[in-house]
Amino acid sequence: MSIAVSADQKTFYLSGGNTSYVLHIDDDGRLVNLHWGSRVADGSLSYCPSDYYGGASFDKEISRIPLDIPCCGTGWYGTPAVGVRNAHGDDVTDLRVVSFRLESGKPPLPGLPAVYTESPAEADTLIVELCDDWTGLRVDALYSVYHHSGVIARSLNIRNTGIQALSLTSVLSASVLLWESGPDLIHLKGAWARERAVIRTAAGEAEHRISSARGASGHEENPFIAVCARNTDEFSGRVWAMNLVYSGSFQAMCRTDNGGRPRLSIGLNPEVFSWKLGPGESFHSPEAVLVYSDHGLNGMSQEFHALYRTRLVRGTWRDRSRPVLINNWEGTYFSFTEERLLAIAEKAKQIGIELFVLDDGWFGVRNSDNCSLGDWTVNRNKLPSGLNGLSDKLHAMGLEFGLWFEPEMVSPDSILYRTHPDWCLHVPGRHRTEARNQLILDLSRPDVQDYIISAVSAVLSSARIDYVKWDMNRNMTEAFSEALPADRRSETQHRYILGLYRVLETVTSSFPDILFESCSGGGGRFDPGMLYYMPQTWTSDDTDAVERLKIQYGTSFVYPVSAMGAHVSAVPNHQTGRITPMRTRGEVALAGNFGFELDLSELSAEDLSEAADLVRRVKEIRDLTRTGTFWRLLSPFDGTYTAWSSVSDDQKSVLLFAYRSLSSPNSSPLRIRLAGLNPALSYRNEEDGTICHGTALMNAGLTVRLNGDFSSRVYRFSAV
Ligand code: DGJ
């Protein structure tokens, strides 16, 4: 068991890998956190519980206690993990522990995505039951610890056992006080086409809050927050990170208390959430995944990657090589015919591409983004032999067939909208705000969920479809459901996400062989919630090689290479206007789920031959990039060089990717120090046959010459 309970049944040591998370029930029955950090021996913190009572001050003692489920109204002044307005109109909540139990393995969460176990031996779960006697509010706090890694997964099951309705006003899946002074804060900031830039700043005394109120996790912030010691770098030092397994609005905070200690928390965004909890009802929070590493930021990311690749992603594609694809979006946009698609496919087949993906514009009368979302019937003017005919022709050529959908949306100019104008999110009588000429279907409604399931399933059953790109191209406005009573309208955003999860669960389990890729204007919903249903995500609409270095580098803070769609597009790049060599565009995309996003028939003979070479190379290395340990070596945020690597589990195969965005005259060559090799082994550089010792590659480094703007090289090493 990864959970040890002290003899007095009051302290719980959740330990795995190098990490311990230690909880204690204090003399007043409060649940407090004694330690989250490097591993401690079971039973070794028995001297600790009195430590935090030292601060005699104007503040009540409770304001300094490291409560693990803090609540408001009795002297604790931060954001409550469980905020409740009761029938009397006050929000005083005082949770005390009433019982606990242990389970081996990890229970699934009802209707919510969550990390899982394949055998009960992989993790253990502590369930602590707390109660506020006054209202009858009960909370089951679930803490699962993975034996191998020490990753903690937390969630709350909040129950109303009283006789009057309660209103949940705040739900944080995790809120932990850390014993670290003056740390740095890290989050992933962005915008459309600039997703997940790494922001690192001193946490200082300020209160930091990142959030989304958009109804999606969003381009602007990712549901991820971390703090690290000031001297932590990619390779060493302490870091504590939280990631919410959720695809909707969220908040994450780092607040330093007046005792100088930071509290890190993550959960639902109370600006757009409250929930009526009637007598006998329960509410399950999304899950927070907590990773601690004392091996720097790479150590943190590698824990997330391993867990998400093997115990978040599910289904037949979890452990399979992903096909090399070509997507027609940037090649043709809406302007295509079957003939043009087949011409692109012909060239694609010639250079070894395996999957042809038909993007937006195949349905209704859609020739621009101003109509037809919701009318999922094939446009016979563009595709006279239908999806079935196109799919058969592609399969006859030896290609698989993939299809784009945007099922959560409706165009006002559509048969669906004219038939069901009440099916979108809106406030009766108010203007309905459009974005990209579309409205959002009200997925909080079971009838709308059922419609989407049947409309998508009908198309997927109508032709041989091997891949689906599930897109979502706007954020919520007037985010209220007409189908909910007034006192439940503020539940709409969360109910939408629960409805979306029901739709995704039903569709993906009905078509288990289809490879699903999620998308939201690129990476506007790149989160673990979506990865639970769909093993990969379109990382960004920005396909410029230089910009992609930053986007993929930032994304790798949490998400594995196997989750990132990465395509080669035409130049000048459609987002930045930049012209980069085909080889560099390819070598950036090689570090992801590789594909093309252009019209191959427009390439020069030289570029087409380079493209063919890239396809040959990706097939050789894709299993290693998908399953290997990913190391960030040089950051594009720190200078003109970027480098990262993949190292196989047995440490015998290594890929080093090196990039230079801008050259400068008279500069020295670069030495890149590799990481994660076996120091007892020697490696052959497959480029030139030279043999280098593992210690030399890691400690002295490989001399890399990159000449010219936008240059790149990929090195392969094999143990000899
Ligand atoms: C946004 C996606 O990110 C693009 O790749 C493309 O599918 C368009 N939507 C189509 O409308």
Side-chain angles (χ1 to χ4, degrees), residues 190-196 214 216-220 222 247 325-336 341 344 355-376 379 382-383 401-414 434-441 456 459 465 467-475 515-527 530 534 536-544 547-548 551-552 555 559 563-570 573-576 585 589 592-599:
W192 174 79
R194 277 193 282 110
E195 295 92 337
R196 291 172 295 284
R214 296 166 174 269
S217 47
H219 295 90
E220 199 171 338
N222 199 262
S247 309
L325 67 79
I326 183 155
N327 177 305
N328 73 310
W329 178 240
E330 288 197 13
T332 69
Y333 293 105
F334 293 102
S335 166
F336 58 82
L341 298 178
I344 297 172
L355 164 68
F356 182 92
V357 178
L358 174 55
D359 210 280
D360 196 353
W362 58 266
F363 50 91
V365 289
R366 189 163 166 96
N367 290 310
S368 76
D369 63 17
N370 65 4
C371 70
S372 299
L373 291 171
D375 297 345
W376 301 109
N379 180 335
K382 290 181 177 180
L383 303 174
F401 175 49
L403 195 62
W404 178 98
F405 277 102
E406 196 175 359
E408 298 161 62
M409 299 290 153
V410 62
S411 305
D413 183 4
S414 66
E434 293 175 24
R436 211 192 188 213
N437 304 309
Q438 62 201 54
L439 297 165
I440 304 185
L441 288 172
V456 172
V459 176
I465 293 170
Y467 162 105
V468 164
K469 178 176 174 186
W470 185 292
D471 205 350
M472 193 282 276
N473 281 307
R474 61 159 292 182
N475 291 140
L515 171 60
F516 285 86
E517 177 156 350
S518 81
C519 173
S520 173
R525 215 163 49 179
F526 203 133
D527 59 62
M530 294 306 288
M534 304 191 175
Q536 56 190 63
T537 303
W538 178 224
T539 311
S540 176
D541 274 348
D542 191 341
T543 49
D544 173 73
E547 289 299 304
R548 269 295 181 126
I551 294 167
Q552 292 175 207
T555 304
Y559 306 104
M564 291 186 223
H567 298 175
V568 175
S569 62
N573 178 268
H574 294 194
Q575 292 77 39
T576 62
R585 280 174 271 154
N593 293 317
F594 184 91
F596 292 91
E597 181 116 3
L598 42 70
D599 184 347

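Counting starts at 1 for both ligands and their atoms, in listed order.
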Find all atoms of ligand 1 within a distance of less than 4.0 Å from any non-hydrogen atom belonging to [X], and give their numbers and elements.
{"X": "W329", "result": "4 (C), 5 (O), 6 (C), 8 (C), 10 (C), 11 (O)"}
{"X": "G521", "result": "1 (C), 3 (O)"}
{"X": "C519", "result": "2 (C), 3 (O)"}
{"X": "G522", "result": "3 (O)"}
{"X": "W538", "result": "3 (O), 5 (O)"}

Does [X] reach the main-chain N or O of [Y] with its side chain, forming a donor-acceptor pair under 3.5 Å?
{"X": "E195", "Y": "G523", "result": "yes"}
{"X": "E408", "Y": "I440", "result": "no"}
{"X": "S411", "Y": "D413", "result": "no"}

With heavy atoms only and a cut-off of under 4.0 Å, state how [X] meets ligand 1: side chain, backbone, both or neither.
{"X": "D369", "result": "neither"}
{"X": "K469", "result": "side chain"}
{"X": "R436", "result": "side chain"}

Counting only nitrogen or oxygen atoms and a 3.5 angstrom limit, does [X] reach ligand 1?
{"X": "F334", "result": "no"}
{"X": "W404", "result": "yes"}
{"X": "D471", "result": "yes"}

Using the six-membered ring wherever Trp is involved, compare the ring planes of W404 and F363 and label them parallel, tilted or perpendicular (cut-offs 30° and 60°).
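Plane angle under 30°, so parallel.
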Could you check whether any side-chain heavy atom of F405 comes within less than 4.5 Å of a side-chain heavy atom of W362, counting everything from C-beta outward?
yes
Given D541, D359, N473, identify the one with the heavy atom nearest to atom 6 (C) of ligand 1.
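It is D359 that holds the nearest heavy atom.
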of all protein heavy atoms, closest to atom 11 (O) of ligand 1 is D360 OD2, 2.7 Å
One pair to check against side chain to side chain contact (heavy atoms under 4.5 Å, CB included): T539 and Y559. What are the steps and the verdict?
CA-CA 10 Å; T539 311; Y559 306 104; over 6 Å; no
Applying ring pair (Phe, Tyr, Trp, His ring centres under 6.0 Å), can you list everything that pairs with F334, at least two apart in sequence or on another chain?
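Counting only residues at least two positions away or on another chain, F334 forms a ring pair (Phe, Tyr, Trp, His ring centres under 6.0 Å) with W329.
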Set out, in order, the CA-CA distance, both residues' side-chain angles and the distance that settles side chain to side chain contact (heavy atoms under 4.5 Å, CB included) for D360 and D471, then state yes or no.
CA-CA 9 Å; D360 196 353; D471 205 350; over 6 Å; no
More than 12 heavy atoms of other residues, nucleotides or ligands under 6.0 Å from CZ of R366: yes or no?
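More than 12 within 6.0 Å, yes.
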